[in-house]
Q: 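Sharing a structure with you now.
These numbers come from the heavy atoms of this one structure, side chains and all, not from hydrogens, waters or symmetry mates. Predicted model only: the values in this text are computed from it and were never measured.
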Amino acid sequence: MGVDYYKILQVDRNAKDDDLKKAYRKLAMKWHPDKNPNNKKAAEAKFKQISEAYDVLSDPQKRAVYDQYGEEGLKGQFPPPGSGFGAGGFPGSSDGSGYTSFRFNPRSADDIFSEFFGVSSPFGGMGMGDMGARAGGPSAAFGKGGMFGDDIFAQFRPGGGGGGGESSAVPRKAAAIERTLHCSLEDLYQGTTKKMKISRDIIDASGRPTTVEEILSIEIKPGWKKGTKITFPEKGNEQRGVIPADVVFIVDEKPHAVFKRDGNDLIVTQKISLVEALTGYTAQITTLDGRNLTISPISVISPTYEEVVKGEGMPIPKEPSRKGNLRIKFNIKFPTRLTSEQKTGIRRLLTS
């Protein structure tokens, strides 16, 4: 029978289509010449054998001829399965006898690999789209640890982007590109729109990469918090065999000179004297949207006292008509020393 294609792929003669794909995926990745730089000649021969075996056994007509006539018959001239004719001649042949010939046309191992995996080789120079230096971010390599790092085969494993039973591997998706989006507390209180300019590579109609610039519009909703993510799907660099990365902006809150945020509440600290703490204090506060609040009267203020103004905090994102609270804390300035007369007077007042 010549070459045993089933033995080469390490499958039995009843192997299903999925079995063939799994076997080819495993062996092609193991014996690809680029994976074996120190034994390239032997690997190339083995790689061609594996590719030819898969090409034959995954094609129903080729497999049927091979099963009936073996390798020699496959590469000679034999009737298509079910024709009812022997090897002597078949209807429709070019010799004028009215017979059809089956001819085996071997395919390039590289073509088979490229068609199956969606790339000509996963081992060299295929960096993930990262918006380039123009977006200010480092490049993300195609795997960890160099050319043959720990994770380079993840896209070809079942469930890892390899497609399992698909006719060819699902293209891997480049890792998301994350960028910090700095927002003031005013931005997050009122909402705003920010424009971000990006440069990225796209594949033009001729198949060549070209650099384009885009303006991304980001609508900041009132009440958004630090850590909120805004995703622009597939806005990373385009390249063959790779789904472009998502571009993700992550909200970061700039420190504010007056207010501190605590969930949906706003906290403001007022510095007051001991006299104000004891005799009464009226707080004047300018809100994040420019309104002036007068909070009074406030009774005797202790160091731990907190005045709560309901509904004057941050908007609640899922219910923008509602807001958290404004919490006013106090930093009371005590005198560093008192005269004897002052001490006597205070003692008399507080004990009367």
Side-chain angles (χ1 to χ4, degrees), residues 136 178-196 217-231 248-352:
E178 295 186 345
R179 296 289 180 265
T180 300
L181 184 65
H182 297 286
C183 298
S184 67
L185 200 52
E186 286 85 355
D187 291 337
L188 299 175
Y189 182 86
Q190 300 181 85
T192 188
T193 299
K194 290 183 176 288
K195 305 286 187 180
M196 303 297 288
S217 181
I218 305 171
E219 185 179 356
I220 307 296
K221 300 288 188 181
W224 273 5
K225 297 177 181 178
K226 178 179 180 178
T228 300
K229 294 185 176 182
I230 309 99
T231 300
V248 181
F249 292 96
I250 304 174
V251 170
D252 190 29
E253 182 182 300
K254 296 178 184 177
H256 195 272
V258 175
F259 296 99
K260 182 178 179 182
R261 184 174 185 175
D262 182 15
N264 294 321
D265 290 349
L266 287 173
I267 299 172
V268 62
T269 300
Q270 297 270 291
K271 292 181 179 181
I272 62 174
S273 68
L274 179 58
V275 171
E276 290 172 317
L278 295 174
T279 61
Y281 173 75
T282 300
Q284 301 287 343
I285 297 172
T286 302
T287 64
L288 290 169
D289 56 354
R291 292 175 294 115
N292 292 315
L293 298 180
T294 300
I295 313 299
S296 66
I298 294 174
S299 60
V300 174
I301 299 169
S302 69
T304 58
Y305 179 80
E306 186 176 285
E307 181 80 5
V308 177
V309 184
K310 293 188 178 297
E312 286 293 349
M314 293 294 291
I316 298 173
K318 293 182 179 179
E319 302 176 78
S321 61
R322 293 183 56 216
K323 293 179 182 177
N325 298 326
L326 173 62
R327 290 153 49 194
I328 307 172
K329 295 185 176 184
F330 298 91
N331 182 0
I332 303 170
K333 184 179 179 181
F334 283 77
T336 56
R337 63 184 181 84
L338 293 172
T339 66
S340 297
E341 292 80 4
Q342 288 171 327
K343 291 178 182 178
T344 301
I346 292 172
R347 190 178 295 112
R348 185 173 60 251
L349 288 170
L350 293 180
T351 58
S352 61

Q: Go through the structure and list residues passing side-chain contact (heavy atoms from CB on, under 4.5 Å) with P255, not counting sequence neighbours.
A: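 Expected list: none.
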
Q: Okay, side chain of D265, backbone of N325: is any donor-acceptor separation there less than 3.5 Å?
A: yes

Q: Look at atom CZ of R348 and say whether more than 12 heavy atoms of other residues, nucleotides or ligands are closer to it than 6.0 Å.
A: no

Q: Minimum heavy-atom separation for L274 to P335, with atom names?
A: CD2-CD, 3.7 Å

Q: To the closest 0.5 Å, what do you measure between CG (L188) and OG1 (T228)?
A: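 Result: 8.0 Å between the selected atoms.
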
Q: Show the numbers, then the answer: is there a side chain to side chain contact (heavy atoms under 4.5 Å, CB included) between N292 and T286?
A: CA-CA 4 Å; N292 292 315; T286 302; 3.0 Å; yes

Q: Which heavy-atom pair separates P317 from N264 by the least distance, and what is that distance?
A: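 Looks like CD-OD1, 4.3 Å.
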
Q: Could you walk me through whether L326 and L293 satisfy the side chain to side chain contact (heavy atoms under 4.5 Å, CB included) test, starting with their C-alpha distance in whole Å, then the side-chain angles of each, then the deciding distance to 0.1 Å, before giving a yes or no?
A: CA-CA 11 Å; L326 173 62; L293 298 180; 4.1 Å; yes

Q: Testing the basics here: between V248 and K229, what is the closest heavy-atom pair and its distance to 0.1 Å?
A: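 Closest heavy-atom pair between V248 and K229: CG1-CB, 3.9 Å.
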
Q: Evaluate the criterion side chain to side chain contact (heavy atoms under 4.5 Å, CB included) for residue pair W224 and L181; output intermediate values, then yes/no.
A: CA-CA 12 Å; W224 273 5; L181 184 65; over 6 Å; no

Q: About how many Å separate CD1 of I267 and CD1 of I328, when rounded to the nearest 0.5 Å?
A: 11.5 Å

Q: Measuring from atom CZ of R337 to atom CD of Q342, what distance do you get when rounded to the nearest 0.5 angstrom?
A: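 Those atoms lie 8.5 Å apart.
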
Q: Atom CZ in F249, atom OG1 in T180: separation rounded to 0.5 Å?
A: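 F249 CZ to T180 OG1: 10.0 Å, rounded to 0.5 Å.
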
Q: Does a side-chain heavy-atom distance below 4.5 Å link K225 with M314?
A: no

Q: Check T287 against F259 and note the closest heavy-atom contact, atom names and distance.
A: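 Shortest heavy-atom contact: CA-CZ, 4.4 Å.
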
Q: Out of curiosity, Y189 OH to K323 NZ, how far, rounded to the nearest 0.5 Å?
A: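 Those atoms lie 2.5 Å apart.
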
Q: T192: what forms a side-chain contact (heavy atoms from CB on, under 4.5 Å) with it, not counting sequence neighbours?
A: D187, K194, I220

Q: So which atom in L338 and which in K343 form the shortest heavy-atom distance, rounded to 0.1 Å?
A: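 For L338 and K343, the tightest heavy-atom pair comes out as O-CE, 3.5 Å.
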
Q: How long is the straight-line distance from CD1 of I332 back to CD1 of I272, given to the nearest 0.5 Å?
A: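 That separation rounds to 5.0 Å.
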
Q: Looking at E276, Q270, E307, which one forms a side-chain hydrogen bond (donor to acceptor under 3.5 Å, both in side chains) with Y281?
A: Q270

Q: Please identify each residue that fulfils side-chain contact (heavy atoms from CB on, under 4.5 Å) with E186, with sequence neighbours left out.
A: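 Expected list: S184, Q190, H256, L288.
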
